[in-house]
Amino acid sequence: VLSDKSIGPGKWSDYTCVLPSVSVGNVGQLAADLIISSGRLYSVGYWHSASLTPVCGPGPFGGPPCTAAELWESEQRRIVVLQLRSPVLACRRRRFLDEACNLIAECGFARVLLLASAWDSSRREPSCPSLGLAGSPGWPNPAPEGLEFESLEPERRLSGVGLAGPLFRRLAADSRPTGTALACLFCSEGDNSGHAGQLAEAVAAILGQPGLAPVPGRPLPSSWRLLYGSRPVEGLY
């Protein structure tokens, strides 16, 4: 159920939907926050799903309160970020996949870019790039020239990505959206703000939207201030 009644069928027929998965270090969700902040996206509504753990709190950017699933739009950039801020209930994972696919089809998105993170140990070789990419038949080569990445086979199972893998395979098999891609960053738990920046930069390159990439010196989302605490004093080392 969408909270904004103006969001009707096919409203975003020429848009790309960016959808993070709850995964290792929450890198996809952190990257989505950076994209919303850097791209100056604005809130257009909420998605109500009984499959998500209920949550409500202060607005991450000082605006509307946050909920389990939020919709942020940039009409100029033709993108919508469906930001998930809570995990899927274990007993409703299959139901959530159905609901997500139905929502994407109802809104009419042309393409979907899934964001996730996987355990570092999932890399084939330690020397492989930290970014992994997979594309559907409708979007077989999502990476622009010059972007270093490890190619991911659609059937490959990655540890720690949450529901990103099953959702990618479901959407890739559907006729709508016409193209689906998965961008996955290999990492570990800890201060993953740097990994989020890497993934946000990759998204900006994939979508051909340089303005979505984090800019040095630009304020970070206000919700990050207490996320990892203060930086260590350099003199300690």
Side-chain angles (χ1 to χ4, degrees), residues 16-38 81-88 90 93 96-97 100 111-136 139-172 179-210 212-214 216 220-221 224 227-229 231-232:
T16 296
C17 175
V18 177
L19 173 56
S21 171
V22 179
S23 46
V24 177
N26 299 321
V27 174
Q29 295 158 290
L30 293 172
D33 268 351
L34 287 177
I35 291 167
I36 293 169
S37 178
S38 298
V81 173
L82 174 53
Q83 175 65 299
L84 301 183
R85 298 199 183 276
S86 68
V88 178
R93 291 181 178 178
F96 174 79
L97 293 176
R111 299 189 301 182
V112 175
L113 178 56
L114 303 174
L115 308 183
S117 45
W119 291 109
D120 250 330
S121 56
S122 299
R123 280 196 265 191
R124 285 202 172 93
E125 298 289 341
S127 58
C128 289
S130 59
L131 176 67
L133 288 178
S136 70
W139 196 1
N141 299 305
E145 186 176 352
L147 183 65
E148 294 187 2
F149 68 97
E150 178 185 346
S151 182
L152 305 175
E153 298 79 13
E155 65 278 2
R156 182 175 168 186
R157 299 305 197 262
L158 296 172
S159 177
V161 297
L163 291 179
L167 183 56
F168 171 77
R169 288 185 284 274
R170 282 280 301 271
L171 292 173
T180 304
L182 168 63
C184 175
L185 201 79
F186 297 100
C187 65
S188 299
E189 293 276 8
D191 184 345
N192 297 105
S193 54
H195 296 123
Q198 284 182 257
L199 188 55
E201 289 174 358
V203 170
I206 291 169
L207 299 181
Q209 297 273 3
L212 296 178
L220 294 173
W224 285 31
L227 190 60
Y228 298 111
R231 296 288 181 180

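Just so it is clear, the values below take in all heavy atoms, side chains as well, and ignore hydrogens, waters and symmetry mates.
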Out of curiosity, [X] [atom1] to [Y] [atom2], how far, rounded to the nearest 0.5 Å?
| X | Y | atom1 | atom2 | answer |
| --- | --- | --- | --- | --- |
| Arg111 | Leu171 | CZ | CG | 14.0 Å |
| Leu133 | Ser151 | CG | OG | 8.0 Å |
| Asn26 | His195 | CG | NE2 | 13.0 Å |

With side chains defined as the heavy atoms from C-beta onward, is the minimum distance between [X] and [Y] less than 4.5 Å?
| X | Y | result |
| --- | --- | --- |
| Ser21 | Leu114 | no |
| Leu212 | Leu34 | no |
| Cys187 | Asn192 | yes |
| Gln209 | Ile35 | no |
| Pro144 | Ile206 | yes |
| Gln198 | Ser130 | yes |
| Leu167 | Val112 | no |

Contacts table for residues 152-163: side-chain donor-acceptor under 3.5 angstrom, sequence neighbours left out:
residue : atom : partner : partner atom : Å
Glu153  : OE1  : Arg124  : NH2          : 2.7
Glu153  : OE2  : Arg124  : NH2          : 3.2
Arg156  : NH1  : Glu150  : OE2          : 2.7
Arg156  : NH2  : Ser122  : O            : 2.7
Arg156  : NH2  : Glu150  : OE2          : 3.3
Arg157  : NH1  : Glu155  : O            : 2.8

Going by the rule side-chain hydrogen bond (donor to acceptor under 3.5 Å, both in side chains), which residues pair with Gln29 if we only count those two or more places apart in sequence or in a different chain?
none
Are Leu115 and Val18 close enough, and set up right, to give a side-chain contact (heavy atoms from CB on, under 4.5 Å), and what steps lead you there?
CA-CA 7 Å; Leu115 308 183; Val18 177; 3.6 Å; yes
What are the two closest heavy atoms between [X] and [Y], and how far apart are they?
| X | Y | result |
| --- | --- | --- |
| Ala32 | Val81 | CB-CG1, 4.0 Å |
| Cys17 | Leu82 | SG-CB, 4.3 Å |
| Leu199 | Ala116 | CD2-O, 4.0 Å |
| Asp33 | Gln83 | OD1-NE2, 3.1 Å |
| Leu207 | Trp139 | CD2-CH2, 4.1 Å |
| Phe149 | Ala143 | CE2-CB, 3.4 Å |

Phe96: which residues meet the ring pair (Phe, Tyr, Trp, His ring centres under 6.0 Å) condition with it, sequence neighbours left out?
Trp47
Determine whether a donor-acceptor pair (N or O, by modelled atom type, separation under 3.5 Å) exists between the side chain of Ser23 and the backbone of Ser117.
yes
